[in-house]
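So that we are looking at the same thing, I have put the structure below in structure tokens.
Residue numbers count from 1 along this sequence. All ligand and atom numbering here is 1-based and tracks the order in the structure. Every value quoted in this text rests on a predicted model; they were computed, and no experiment measured them.
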Amino acid sequence: MMTDILIVATNNEAKFREILQIAEVYGILARMPAVKTDVQEGVVSYEENALLKASSATAQSGVDALGEDSGIEIAALGGFPGVISARFVEGSDQDRNNALLERMKTIEPARRLAVFKACVVISLVNGGHLTGYGELRGRITEVPEGGNGFGYDPIFIPDGFDRTLGLLDVEEKNRISHRRKAIESAVRQYRDYKNTVKKQG
Ligand code: IMP
């Protein structure tokens with residue numbers, strides 16, 4: 001029975017649909033919030049930003065809420081751009097892809113390793129929270145390829161694949177993505193928490 005409701009602290013439709021699909025598998029109904037979900041993101045960690053988004057939505061709505069934060073870390077650039085992936089250069093996703101490729105132009109193929117990281121936090125009305133993490137390892141191409149997905153998808157080839165995420169369809173990407181792993185981990189913990197609360201009540 002689908003009784004547990006979780007609101008999702010995002011304005012991003014694509015992220016929301018992915019979270020909705022996974023939550024449904026665990027008997028949880030995800031909703032878009034009727035609250036403001038833009039928060040001033042920090043530069044410290046994905047966890048901090050995900051918790052900020054989730055707890056702001058819980059405070060405004062009075063319901064358990066899910067927040068997500070993610071980024072890409074490039075080994076040869078010391079983990080840059082990481083938590084500032086969405087905003088290290090003003091402009092479009094394409095501008096940021098070009099800026100990264102420019103910074104990496106002298107880096108040989110074997111050293112173009114990168115990892116996408118995601119953190120999902122579910123904040124609870126009782127004041128606690130649950131945290132899930134996910135990673136997707138791969139490498140950065142020399143030129144962008146493919147128009148699917150968003151962000152750095154056209155310049156990232158996941159391990160075990162020979163094409164960029166920009167050339168994979170959304171279902172293929174969502175089976176392996178960092179976000180999927182983080183959502184699944186947090187939502188599983190949430191289902192277990194709800195079951196425990198129900199048994200006690
Ligand atoms: P956030 O919305 O503040 O978490 O920003 C995350 C940023 O990291 C996005 O704007 C993208 O630039 C990048 N990013 C995170 N996940 C992905 C992904 O699955 N594909 C491509 N880029 C991503």
*Does a side-chain N-to-carboxylate-O contact under 4.0 Å join Lys198 and Asp4?*
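Yes.
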_Return the closest protein heavy atom for atom 2 (O) of ligand 1 as residue, atom name and distance._
Lys15 NZ, 2.9 Å
*Assign the ring pair Tyr152 / Phe88 to parallel, tilted or perpendicular, where the plane angle (0 to 90°) is split at 30° and 60°.*
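Geometry flag for Phe88 against Tyr152: parallel rings.
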*Around atom 20 (N) of ligand 1, find the nearest protein heavy atom and jot down its residue, atom name and distance.*
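Minimum-distance protein heavy atom for atom 20 (N) of ligand 1 reads Asp153 OD1, 2.6 Å.
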*Just which atoms of ligand 1 are under 4.0 Å from any heavy atom in Phe116?*
14 (N), 17 (C), 18 (C), 20 (N), 21 (C), 22 (N), 23 (C)
*Under 4.0 Å from a heavy atom of Gly151: give me the atoms of ligand 1 that qualify, with their elements.*
21 (C), 22 (N)
*Which protein non-hydrogen atom lies closest to atom 5 (O) of ligand 1, naming both residue and atom, and how far is it?*
Ala86 CB, 3.5 Å
*Is His178 close to ligand 1, meaning an N/O of one under 3.5 Å from an N/O of the other?*
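Indeed, backbone or side chain, His178 has an N or O that close.
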*asked:* Looking at Arg17 and Glu13, is any side-chain nitrogen of the basic one under 4.0 Å from a carboxylate oxygen of the acidic one?
replied: yes
*Kindly check if the number of other-residue, nucleotide or ligand heavy atoms within 6.0 Å of CZ (Arg96) is above 12?*
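Buried by this count: over 12 neighbours within 6.0 Å.
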*Answer with yes or no whether Gly71 contacts ligand 1, where contact means a heavy atom under 4.0 Å from a ligand atom.*
yes
*Just by distance, with hydrogens left out, do Ser123 and Thr58 show a side-chain donor and acceptor under 3.5 Å apart?*
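Looking only at side-chain atoms, Thr58 and Ser123 do form a donor-acceptor pair, the distance falling under 3.5 Å.
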*asked:* Under a 4.0 Å threshold between the charged nitrogen and the carboxylate oxygen, would Arg137 count as salt-bridged to Glu73?
replied: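 Result for this pair is no, no salt bridge flagged.
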*From CA spacing to verdict: side chain to side chain contact (heavy atoms under 4.5 Å, CB included), Ser70, His178*: CA-CA 8 Å; Ser70 49; His178 47 306; 4.3 Å; yes
*Give the numbers and elements of all ligand 1 atoms closer than 4.0 Å to a heavy atom of Lys173.*
18 (C), 19 (O), 20 (N)
*Which residue supplies the protein heavy atom nearest to atom 6 (C) of ligand 1, what is that atom called, and how far is it?*
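Protein heavy atom at minimum distance: Ser70 O, 3.0 Å.
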*Could you point out which residue of Arg31, Arg191, Lys194 forms a salt bridge (charged side-chain N to carboxylate O under 4.0 Å, His left out) with Asp64?*
Lys194
*Heavy-atom contacts with Asp69 under 4.0 Å: which atoms of ligand 1 show up? List them by number with element.*
1 (P), 3 (O), 4 (O)
*asked:* Tell me the protein heavy atom at minimum distance from atom 22 (N) of ligand 1, and give that distance in Å.
replied: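 Atom 22 (N) of ligand 1 sits closest to the protein heavy atom Tyr152 N, 3.1 Å.
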